[in-house]
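Just so we're clear, the structure is a prediction, and the values are computed from it rather than from any experiment. First listed ligand is number 1; within each ligand, the first listed atom is number 1.
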Amino acid sequence: MVDNKRNKEVMMTDQLVDGYDAVVIGGGAAGLNGALMLARARRSVLVIDAGEPRNAPADGVHGLLAREGMPPAELLARGREEVRGYGGHLLSGTVVDATRDDSGFTVELADGRTVRARRLLVTTGLVDELPDIAGLRERWGRDVIHCPYCHGWEVRDQAIGILGSGPMSVHQALLFRQWSPDITFFAHTVTPTAEQAEQLAARGIPVVTGAVRALEIADDRVVGVRLEDGTVVPRTAVAVASRMVARAHFLAALDLKPVQHPSGMGEHIPADPTGRTDAPGIWVAGNVTDLSAQVGAAAAAGATAGAMINADLMTEETTAAVAAYQSARASARS
Ligand SMILES: Cc1cc2nc3c(=O)[nH]c(=O)nc-3n(C[C@H](O)[C@H](O)[C@H](O)COP(=O)(O)OP(=O)(O)OC[C@H]3O[C@@H](n4cnc5c(N)ncnc54)[C@H](O)[C@@H]3O)c2cc1C
């Protein structure tokens, strides 16, 4: 059994080689599935991972076929072993820079080490930026939640507060209503439009105006939401729509920067449906590009990107082989 809370301490110390067909930056669901595809395609592949998957605070992964409720760290530990089983390499570390030259990429880690790659798969996920409210961050992933598909079942029929803090907050309240009849919307920094106010009223969701100051905690549980005026509204779970920002600052030298997501939910690295970015040789998968991807979708996108990288390498190798073949035939004729 893997200790979920100690995922960050899992050390990966594979012996590195001089250059890889592909380096995968980020060893969550997306990165490991990408690496699995590449390793099974007999490509040399290295996964570099900082050990902080987004869902680390959660007890289990939900909504995932055949792995329902598995602790996140256990899922990833299995994935790492699968990658290793096909000869893939794993390295604990944080990538701080990546540059390009004529023959590929140089990836630099925070400890000064560098590795070379012909292609990059970036699967570094995102950061959930949370409103600055006392008690909120400490409860994140426990009884402060964001995604009804991840946690809704676990808080079904409870007294749930929705913190109005972003463009999706009213949508979030209407969604959570599917899991509980006792939903309260805390307007905080969001004033529902007339249409939204009508929707909330029609679904039996009261709106509490005024800023939220803190969460009330007792016996290691959320018990209420405290407003600036001191009023406490009893709640046993609070949902908040985080601002989701791709973890990709280290790509600046490659002209890949996170841009505003069309939904207004945060910033991502845009890519085509196969994960190919505008920067030649660089693919992305998972939350770094698809802010709403859950574990299954992130893993599937990683697998697709891995296969596309293999196909791209095959095309390059075939072109080189044809050139060498033609040259050899021309030499033989002369
Ligand atoms: C509290 C919570 C609960 C959730 N519960 C569920 C659930 O029940 N079911 C579900 O399907 N989804 C759930 N999710 C969503 C889930 O976390 C994501 O779908 C999933 O983590 C996306 O996988 P990923 O590989 O894109 O990113 P991540 O899992 O975040 O993995 C990215 C990896 O890249 C590493 N990394 C980042 N920067 C660098 C760098 N510079 N160098 C090296 N490595 C780096 C990180 O440390 C991390 O290990 C939950 C999310 C949260 C916040």
Determine, using heavy atoms of [X] and all atoms of ligand 1, whether some pair is separated by less than 4.0 Å.
X      : value
Ala299 : no
Ala29  : yes
Leu64  : no
Gly93  : yes
Tyr149 : no
His146 : yes
Gly63  : no

Drop me the distance from Met308's CE to Met314's CE, to the nearest 0.5 angstrom. 10.0 Å

Start with the C-alpha distance between Arg78 and Glu74, add both sets of side-chain angles, then the distance that settles salt bridge (Lys or Arg N to Asp or Glu O under 4.0 Å), and finish with yes or no. CA-CA 6 Å; Arg78 286 191 184 202; Glu74 187 176 341; 3.7 Å; yes

Does [X] approach ligand 1 within less than 4.0 angstrom via side chain, backbone, both or neither, non-hydrogen atoms only?
X      : answer
Asp49  : both
Cys150 : both
Arg247 : side chain
Ala293 : backbone
Leu126 : neither

Under 4.0 Å to a heavy atom of [X] - the qualifying atoms of ligand 1, by number:
X      : result
Gly51  : 47 (O), 49 (O)
Gly286 : 26 (O)
Ile48  : 43 (C), 44 (N)
Glu52  : 46 (C), 47 (O), 48 (C), 49 (O)
Asp128 : 53 (C)
Gly125 : 27 (O), 32 (C)
Gly28  : 25 (O), 29 (O), 31 (O), 33 (C)
Phe250 : 41 (N)

side-chain hydrogen bond (donor to acceptor under 3.5 Å, both in side chains) assessment of Glu267 paired with His261: CA-CA 5 Å; Glu267 294 175 14; His261 192 270; over 6 Å; no

Could you label the plane-to-plane angle of the His146 and Trp140 rings as parallel, tilted or perpendicular, counting under 30° as parallel and over 60° as perpendicular? tilted

Decide whether an N or O pair under 3.5 Å exists between [X] and ligand 1.
X      : value
Thr94  : no
Pro57  : no
Trp140 : no
Ala298 : no
His62  : yes
Val288 : no

Looking at Arg156, I want to see if its CZ is surrounded by more than 12 non-hydrogen atoms of other residues, nucleotides or ligands under 6.0 Å. yes

Under the ring-ring contact (aromatic ring centres under 6.0 Å, His included) test, which residues partner Trp153, sequence neighbours left out? none

Report the member of Gly302, Ala50, Gly79 with the shortest heavy-atom distance to atom 44 (N) of ligand 1. Ala50

Check each of Val208, Ile133, Ile162, Val238 against Phe186 using the side chain to side chain contact (heavy atoms under 4.5 Å, CB included) test, and report the only one that passes. Val208

Ion pair check, [X] and [Y], cut-off under 4.0 Å:
X      : Y      : value
Arg116 : Asp101 : yes
Asp111 : Arg113 : yes
Arg84  : Glu81  : yes
Asp220 : Arg142 : yes

Using modelled atom types and a 3.5 Å cut-off, is there a donor and acceptor pairing between side-chain atoms of [X] and backbone atoms of [Y]?
X      : Y      : value
Thr319 : Thr315 : yes
Thr184 : Gly161 : no
Thr114 : Thr106 : no

Which pair of non-hydrogen atoms, one from Pro258 and one from Ala248, has the smallest distance, and what is that distance? CG-CB, 4.2 Å

Polar contact flag, side-chain donor to acceptor under 3.5 angstrom, Ser180-Asp182: no

